[in-house]
Protein chains: 2
Amino acid sequence: MQQPIAEDCEVTCGGSEADLVRIKAEMIAEPLIQDIAEWFKVLSDPTRVKIISALMRRELCVHDLSELLEMGQSAVSHQLRYLRNMRMVKRRKVGKTVYYALDDSHIEEIIQVTLEHLKHK
Amino acid sequence: MQQPIAEDCEVTCGGSEADLVRIKAEMIAEPLIQDIAEWFKVLSDPTRVKIISALMRRELCVHDLSELLEMGQSAVSHQLRYLRNMRMVKRRKVGKTVYYALDDSHIEEIIQVTLEHLKHK
DNA sequence: GGAACAGATGAGTATATGTTCATATGATAT
DNA sequence: ATATCATATGAACATATACTCATCTGTTCC
């Protein structure tokens, strides 16, 4: 009767096969992993961080954001769409102009925590 | 004596030029923006989130990580180098095998905060 | 020494991402 | 209706990213 062949590095790597199975079960579930990565990707681009940094002060229209960031209107608009899809910002239309504001209570908190972290490094 | 010409959208966009200048001064400084984006980029990839998720349990060698993630050794190794450069993980060598462990006290906290956030959405 | 193994790394490649350009939409004013 | 302004959006393009493959380094065991 064949025993299941032991993995090559069962001993050398310190962890038994059973251990790995347990760890795998304890790891964050796949769909959640995807969500986390997607969420962090929002803040992984300087332009988006700048936009959020500006909106932390007050709501702003696309044109003003474009001036603050010294970037083309189109580029800003594309990123705003991205942020809107991610439910990070909401918009309010007044005549021709569109005002954007933060729509996620946790962003500021997480940015603040990260700032503290980066300072103490 | 010439007054500085007002910006096109001074009135329509609701913010005076002086306001924009003030906001610009209050925004997070450019180099810090870059650091924040770089830091978040670490967790913007599912593979890296998985690696960190696994290392939150205990230190692991490359081979075991490779098994846990069901990915090639090379791919895992590349990401580990990235994480090492970002000072997110440290390594400990024992004979042929190299053990990786978390080297950033704040990652777990931030992931935990993010998980809570994602659940309550 | 040489074989076997764990891991690291450079090159190549396919895909993702961010910006620009041109143009479209939608609103206001004349 | 037409012109103008604020914003949105699709296509194109250049760069960045993550993986694979082949190869290299460093260690142990014979």
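Order of the sequence lines fixes the chain letters, A, B, ..., with proteins taken first and strands second; residue numbering starts at 1 for each chain.
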With the threshold set at under 4.0 Å for non-hydrogen atoms, list the residues of residues 72-83 of chain B touching DNA chain C in residue-number order.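 Only B:Q73, B:S74, B:S77, B:H78, B:R81 qualify.
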
Is there a side-chain contact between [X] and [Y] in this structure, where contact means two heavy atoms from C-beta onward sitting under 4.5 Å apart?
| X | Y | value |
| --- | --- | --- |
| B:H63 | B:Q73 | no |
| B:E109 | A:V113 | yes |
| A:W39 | A:M88 | yes |
| A:Y99 | A:K90 | no |

Whether A:R91 contacts D:dT7 is assessed here as follows: a side-chain N or O lying under 4.0 Å from the phosphate OP1 or OP2. Is that the case?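 Result: no.
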
Does the Lys NZ or Arg CZ of A:R92 fall within the cation-pi geometry relative to A:Y100 - under 6.0 Å from the ring centre and within 45° of the axis?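 A:R92 over A:Y100 ring: no.
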
Report the C-alpha separation of B:I51 and B:L68 in whole Å, then their side-chain angles, then the decisive distance to 0.1 Å, and conclude whether the side-chain contact (heavy atoms from CB on, under 4.5 Å) test is met. CA-CA 9 Å; B:I51 289 175; B:L68 280 173; over 6 Å; no

Counting only non-hydrogen atoms, which of residues 41-54 of chain A are less than 4.0 Å from DNA chain D? none

Please answer whether the main-chain N or O of B:V49 pairs with a side-chain N or O of B:S53 as donor and acceptor at a distance below 3.5 Å. no

Checking the side chain of A:S66 only, and the main-chain atoms of A:M71 only, is there a donor and an acceptor separated by less than 3.5 Å?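 Indeed, once roles are kept as given, a pair shorter than 3.5 Å links the two residues.
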
Once you round it to whole Å, what is the distance between [atom2] of [N] and [atom1] of [X]?
| X | N | atom1 | atom2 | result |
| --- | --- | --- | --- | --- |
| A:M86 | C:dG18 | CE | C1' | 16 Å |
| A:L69 | C:dT20 | CG | P | 12 Å |
| A:M71 | D:dA6 | CE | P | 19 Å |
| A:L65 | C:dT19 | CG | P | 14 Å |
| A:H63 | D:dA8 | NE2 | C1' | 16 Å |
| B:E70 | D:dT20 | CD | P | 13 Å |
| B:R84 | C:dA8 | CZ | P | 6 Å |

Spell out protein contact along nucleotides 25-30 of chain D as letters: B when the base is contacted, S when just the sugar-phosphate is, - when no protein heavy atom is under 4.0 Å; keep the 5' to 3' order. -BBS--

Using the side-chain contact (heavy atoms from CB on, under 4.5 Å) criterion, which residues pair with B:R57? Sequence neighbours excluded. A:I23, A:E26

If the condition is side-chain contact (heavy atoms from CB on, under 4.5 Å), which residues does B:V21 pass it with, not counting sequence neighbours? none

Applying salt bridge (charged side-chain N to carboxylate O under 4.0 Å, His left out), can you list everything that pairs with A:K24, at least two apart in sequence or on another chain?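 By the salt bridge (charged side-chain N to carboxylate O under 4.0 Å, His left out) rule, A:K24 matches B:E70.
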
